[in-house]
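See below for the structure under consideration.
The chains referred to below are lettered A, B, ... by the order of the sequence lines, with proteins before strands, and numbering in each begins at 1. Here the structure is a predicted model, which means the values were calculated and not measured.
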There are 2 protein chains.
Amino acid sequence: MESSSAASGGSTRREATRQKLYEAAVTLIAEQGFSATTVDEIAERAGVAKGTVYYNFASKSVLFEELLRHGVGLLTASLREAAERTARDGGGKVDALDAMIRAGLVFIDRYPAFTQLYVAELWRTNRAWQSTLMVVRQEAVAVVEGVLREGVDNGEFSDEIDVPLTAAALVGMVLVAALDWKSFQPERSLDDVHAALSRLLQGRVSGSR
Amino acid sequence: MESSSAASGGSTRREATRQKLYEAAVTLIAEQGFSATTVDEIAERAGVAKGTVYYNFASKSVLFEELLRHGVGLLTASLREAAERTARDGGGKVDALDAMIRAGLVFIDRYPAFTQLYVAELWRTNRAWQSTLMVVRQEAVAVVEGVLREGVDNGEFSDEIDVPLTAAALVGMVLVAALDWKSFQPERSLDDVHAALSRLLQGRVSGSR
DNA sequence: ATATTTGAACTGACTGGTCAGTGCAAAAAC
DNA sequence: GTTTTTGCACTGACCAGTCAGTTCAAATAT
């Protein structure tokens with residue numbers, strides 16, 4: 001009966017095949033897009049029969065939607081954890097932002113395919129899972145907005161900043177820089193990329209030397 | 001006899017239908033993605049028979065590739081123009097960057113569908129038009145890189161900045177902020193969005209008041 | 001002027017193939 | 001003995017690309 005035996009989502013056999021299907025689907029869809037990816041391909045890459053896909057998920061779209069929720073859950077948890085860790089260590093909001101940039105980079109480093117797929121689908125309209133995406137997007141951006149707002153409240157950030165827009169711009173900065181890193185100069189280190197973005201964030205761009 | 005009467009590429013009938021097909025394809029593909037968009041749909045929206053699509057373009061993919069080239073051509077021209085204008089007016093490289101941000105926003109404001117589609121396809125791998133995308137991406141980013149490099153050379157920017165990465169991050173910042181603006185708070189003015197991004201660029205985020 | 005020809009541009013029915021989703025009996029796992 | 005997975009044949013919808021035929025404006029002939 002749906003088990004969920006101990007804590008959350010771990011150890012049933014069913015959960016294991018679902019995981020395999022997520023992993024197969026995420027890379028294929030990132031490479032080719034949702035419509036160009038066939039259920040047969042997903043099943044094959046997961047090493048599973050086609051029937052199993054439909055035993056575990058109601059449809060191709062549902063598989064994809066649950067995949068999205070799954071991935072964004074991981075991301076937001078990681079961002080939140082980074083922000084809280086700096087707070088515990090007595091860092092300011094700038095440090096929190098910086099830690100979140102790093103957490104974002106680490107996430108993209110580990111799950112590049114998911115990130116790719118997320119970006120590709122985020123601004124589409126007229127799609128079945130549009131509402132899922134909206135929810136899931138807001139979850140992630142809200143974490144950044146929260147830190148910005150707290151920073152404005154305690155005087156660390158200018159009260160003239162536009163919180164939602166700045167949050168979106170920051171997310172975009174990290175997202176695009178990281179995807180470029182992975183796609184076009186994958187030999188660079190994470191620290192390197194992080195340093196460049198930190199500099200940009202802290203306005204240490206103008207001024208020579 | 002082949003006409004092309006006066007100068008180049010403007011007023012033939014063929015050019016007009018191609019334009020109609022571009023316009024139809026760009027919105028449909030932005031909404032649904034390339035694979036989910038059918039040639040019949042494109043033809044119908046353009047008010048043209050399906051055969052006409054194939055009379056004008058070798059295939060669905062070729063139509064898409066030419067559409068990409070067409071759009072990115074407009075964007076780079078606009079960015080270059082903005083940079084040159086500030087140079088003529090005696091502005092520094094920071095002004096050039098700021099003008100390019102505005103030019104980017106104006107472009108996205110005018111062609112949101114194209115931008116959407118460009119972002120969605122840019123980081124895909126294993127696709128037929130992969131090489132076209134690489135070329136076309138480099139064209140756009142190169143304009144920003146050029147300004148950054150000139151700024152480093154003449155001492156306006158720190159020589160510690162990482163030119164390609166910073167360029168990518170800036171492009172990402174504008175892209176994502178603008179798409180968010182169009183998708184989630186379309187009532188805001190361009191000036192408003194521009195001001196927020198300017199502030200972020202110039203590091204006027206930290207420090208209250 | 002008027003008739004005729006030419007050919008680029010366009011049309012839309014048709015074809016061959018692909019793919020999401022189904023159904024089910026037998027095997028394996030737990 | 002119940003849940004999950006397998007393997008595979010099948011269906012019906014959908015879709016990229018083709019092609020024989022039509023349209024019409026401009027060129028040429030009369």
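- The aromatic rings of B:Phe107 and B:Tyr111 sit tilted, their planes meeting at an angle between 30° and 60°.
- Between A:Thr17 and D:dT5 there is a side-chain N or O to OP1 or OP2 distance below 4.0 Å.
- By the 6.0 Å and 45° rule, B:Lys60 does not stack over the aromatic ring of B:Tyr54.
- Within a heavy-atom distance below 4.0 Å of DNA chain C, no residue of residues 31-41 of chain B is found.
- For A:Gln19, the CD atom is densely surrounded, since the number of other residues' heavy atoms within 6.0 Å is greater than 12.
- The interatomic distance linking B:Arg14 (CZ) with C:dT11 (P) rounds to 13 Å, in whole Å.
- Atom CZ of B:Arg18 is separated from atom P of C:dA8 by 15 Å (rounded to the nearest Å).
- In this structure, A:Arg45 and A:Leu28 approach most closely via the heavy-atom pair NH2-CD2, 3.1 Å.
- Atoms CZ (B:Phe64) and C1' (D:dA16) sit 17 Å apart, rounded to a whole Å.
- One donor-acceptor pair, N or O on each side, does fall under 3.5 Å between the base of D:dG17 and the side chain of B:Lys50.
- Between B:Val176 and A:Ala168, the closest heavy-atom pair is CG1-O, 3.5 Å.
- Residues B:Lys93 and B:Gly151 share a closest heavy-atom pair of CG-CA, 3.6 Å.
- Taking the six-membered ring wherever Trp is involved, the centroid distance between the rings of B:Phe64 and B:Tyr22 does not fall below 6.0 Å.
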A:Leu74 vs A:Arg110, test: side-chain contact (heavy atoms from CB on, under 4.5 Å). Steps then yes/no. CA-CA 11 Å; A:Leu74 292 177; A:Arg110 186 164 330 181; over 6 Å; no

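- The side-chain tip of B:Arg137 points at the ring of A:Phe184 from less than 6.0 angstrom away and within 45° of straight on.
- The stretch residues 51-62 of chain B comes close to DNA chain C through B:Gly51, B:Thr52, B:Tyr55, B:Asn56, each having a heavy atom under 4.0 Å from the strand.
- Rounded to a whole Å, the CD atom of A:Glu44 is 15 Å from the C1' atom of C:dC19.
- B:Glu31 and A:Thr125 form no side-chain donor-acceptor contact under 3.5 Å, judged by distance and modelled atom types alone.
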Taking only N/O atoms, report every protein-nucleotides 28-30 of chain C pair under 3.5 Å with atom names and distance.
none

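- For the pair A:Leu28 CG and C:dA20 P, the interatomic distance rounds to 12 Å; values are reported in whole Å.
- None of B:Val144, B:Val152, B:Leu148 except one satisfies the side chain to side chain contact (heavy atoms under 4.5 Å, CB included) rule with B:Thr166; the exception is B:Leu148.
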